Amino acid sequence: MTGFLGQALLYIVPFLLVLTFIVTIHELGHFLVARAFGVKVDRFSIGFGRTIVARTDRHGTEWRLAWLPLGGYVKFSGDLDPSSVPDQAGLAELKQRVIAENGPGAERDYFHFKPIWQRALIVAAGPAANFALSIALFALIFGFLGSTLIPARVQSVMPDSPAAAAGFMPGDLITAVNGRIIRDSQDVTRKVMLSAGDSLRFTVNRDDRAIVLLATPVRRVEDDEIAGRINVGRIGLSLLPEPGEARIVRYNPVEAVGKGFGMTGEVLGTTMSYLGRIVSGKESGDMLSGPLGIAKAAGGVTKQAASATADPGFQALNVATTLVYFAAIVSIGIGFLNLLPIPVLDGGHLLFYGYEAVARRPVPARVQEIGYRVGLALLAGLMLFATWNDLQKLSLFKFLGGFA
């Protein structure tokens, strides 16, 4: 029982810590911009359910810590539910009541009666906070620890593989893929993993000569110790630098922030590329993960980080660094998910505001109602699909690769 409990805590605790932290930052983005525009906020809750502790600030906002640590929410004054879903009849009644109690103009303190551009900025501030968090976390890692660059040197080539057919040889140094400069072997691994069935153009350095080789990754099913069963592209290369080739690069604060921007953009680009391949039918979507998959990945990276060294001090540092990196990746995913144009998500709100700005009138109440119902159905379907994937894989993507 102790072993089972320990394993459960290993997976659940990091997942809850990471998720609650990320969602809190997301909601804090909404809150800070709303407060800047003078919007009244009834509650800022970390967690859901019964209150553990609460206090009310001088603006009348209740700051609450609840017992169920699965994120949190901001409740603006006049909201009919925590997701700020508008009900036209309810809003009309609210406006009349506010004006009757406080006089004309008092309604301007309420979110739904703010100008469109302010509402849009408040809504967009949540995902923006997620991306800013990712940039900051990556910058923290790059600033304090730097990054290890491992050249994409070919150690071996599998017989009868796409790499062998393309003409790869041990000792080749991959310097570019499809014209993009390669500085680290992980760049090659990621590109190959997400390119099953697509021909890739590799530029390699062989005996101080640049050679172009064409290879098409084939799909393989593998068991990953963190992600479970995954379906990825491979060309049959083992990558390992020669002694002395790997190097640690240090960055000053400005460079670290720049690297944080670059890494965030790279992860976003990879995410959009993968979704594009799903839409085009090149991927089945089995790499999409839900809460179970995220919890498994959180526990997996924590366990892997802790087992990398026996020294307690280095163990703690390794686990902290790994969770910071993992949180940055998940924060990007949550920010991106919230920007999808699905009603009930931030992107759906922005879509409605865009219509309102162009048409100079709100989206009809009936259309909004149908849109939110469809949005809930789509979101529920997406979560069910991702959870099914998680269950199928139970036996993060493996970014730290040494194979292609």
Side-chain angles (χ1 to χ4, degrees), residues 131 134-135 138 142 146-158 161-220 230-242 245-249 251 255-283 287 328-329 332-333 336 397-404:
F131 298 139
S134 298
I135 292 168
F138 284 136
F142 290 129
S147 63
T148 302
L149 295 183
I150 303 175
R153 178 79 65 180
V154 177
Q155 180 193 35
S156 61
V157 182
M158 290 180 58
S161 66
F168 278 95
M169 297 179 61
D172 285 348
L173 177 65
I174 301 175
T175 59
V177 178
N178 285 352
R180 180 179 176 182
I181 302 298
I182 296 296
R183 295 183 175 87
D184 190 86
S185 62
Q186 295 179 34
D187 297 334
V188 178
T189 301
R190 285 195 290 265
K191 183 62 178 176
V192 170
M193 289 176 72
L194 290 176
S195 300
D198 292 345
S199 179
L200 299 178
R201 187 176 73 259
F202 296 85
T203 302
V204 304
N205 186 304
R206 180 185 300 168
D207 299 327
D208 295 325
R209 293 183 299 118
I211 300 174
V212 175
L213 304 174
L214 300 178
T216 301
V218 294
R219 193 174 300 282
R220 283 176 49 184
I230 57 177
N231 207 325
V232 296
R234 297 292 189 200
I235 60 173
L237 288 180
S238 174
L239 305 176
L240 187 69
E242 294 179 350
E245 277 194 317
R247 60 193 178 95
I248 297 178
V249 180
Y251 303 95
E255 292 172 333
V257 172
K259 285 287 292 181
F261 268 101
M263 190 67 181
T264 300
E266 184 176 325
V267 175
L268 268 175
T270 299
T271 301
M272 290 188 286
S273 175
Y274 180 67
L275 291 177
R277 289 176 62 83
I278 293 175
V279 173
S280 65
K282 295 181 178 180
E283 298 286 349
M287 293 297 291
I329 298 292
I332 294 171
F336 178 79
F397 220 142
K398 190 174 183 181
F399 278 90
L400 301 177
F403 300 90

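Keep in mind that this is a model prediction, so the values were computed, not measured.
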Exercise: identify the closest heavy-atom pair between R183 and L149: O-CB, 4.2 Å

Atom of I150, atom of A246 and distance for their closest heavy-atom approach: CG1-CB, 4.3 Å

Atom of G233, atom of A196 and distance for their closest heavy-atom approach: CA-CB, 4.0 Å

R153 versus P241, closest heavy-atom pair with distance: CB-CA, 4.0 Å

Close side-chain approach of K191 and N178, heavy atoms under 4.5 Å: yes

Side chain to side chain contact (heavy atoms under 4.5 Å, CB included) partners for I248, two or more places apart: T148, R250

Residues that R206 engages under side-chain hydrogen bond (donor to acceptor under 3.5 Å, both in side chains), provided they are two or more places apart: D172

Residue pair G236 / A163: nearest heavy atoms and the distance that separates them: O-CB, 4.0 Å

Under 3.5 Å: donor-acceptor pair, side chain of D207, backbone of R209: no

Sub-4.5 Å side-chain heavy-atom contact between R219 and R234: no

Residues in side chain to side chain contact (heavy atoms under 4.5 Å, CB included) contact with A256, at least two apart in sequence or another chain: A139, F142, Y251

Pairwise side-chain contact, I329 with V267, heavy-atom cut-off 4.5 Å (strictly under): yes

Heavy-atom neighbours of F261 CZ exceed 12 at 6.0 Å: no

I182 side chain near T175 side chain, heavy-atom distance below 4.5 Å: no

Listed partners of E266 passing salt bridge (Lys or Arg N to Asp or Glu O under 4.0 Å), at least two apart: R180, R190

Non-neighbouring partners of L214 that pass side chain to side chain contact (heavy atoms under 4.5 Å, CB included), sequence neighbours left out: S199, R201

Counterpart residues, salt bridge (Lys or Arg N to Asp or Glu O under 4.0 Å), relative to R220 (two or more places apart): E222

Pairwise ring pair (Phe, Tyr, Trp, His ring centres under 6.0 Å) hits with a residue in residues 167-214, at least two apart: F168-F202

Heavy-atom pair with the smallest gap, counting every atom of A328 and S134: O-OG, 2.8 Å

By side chain to side chain contact (heavy atoms under 4.5 Å, CB included) - contacts of P162 (at least two apart): V218, I235

side-chain hydrogen bond (donor to acceptor under 3.5 Å, both in side chains) involving E242 - partner list, sequence neighbours excluded: none

Salt bridge (Lys or Arg N to Asp or Glu O under 4.0 Å) against D198, all qualifying residues, sequence neighbours excluded: R277, K282

Given T270, I135, T264, the one that forms side-chain contact (heavy atoms from CB on, under 4.5 Å) with I332: T264

From L173 atom CG to T203 atom OG1, the distance as rounded to the nearest 0.5 Å: 11.0 Å

Validation row: L237, V157 side chains within 4.5 angstrom (heavy atoms): yes

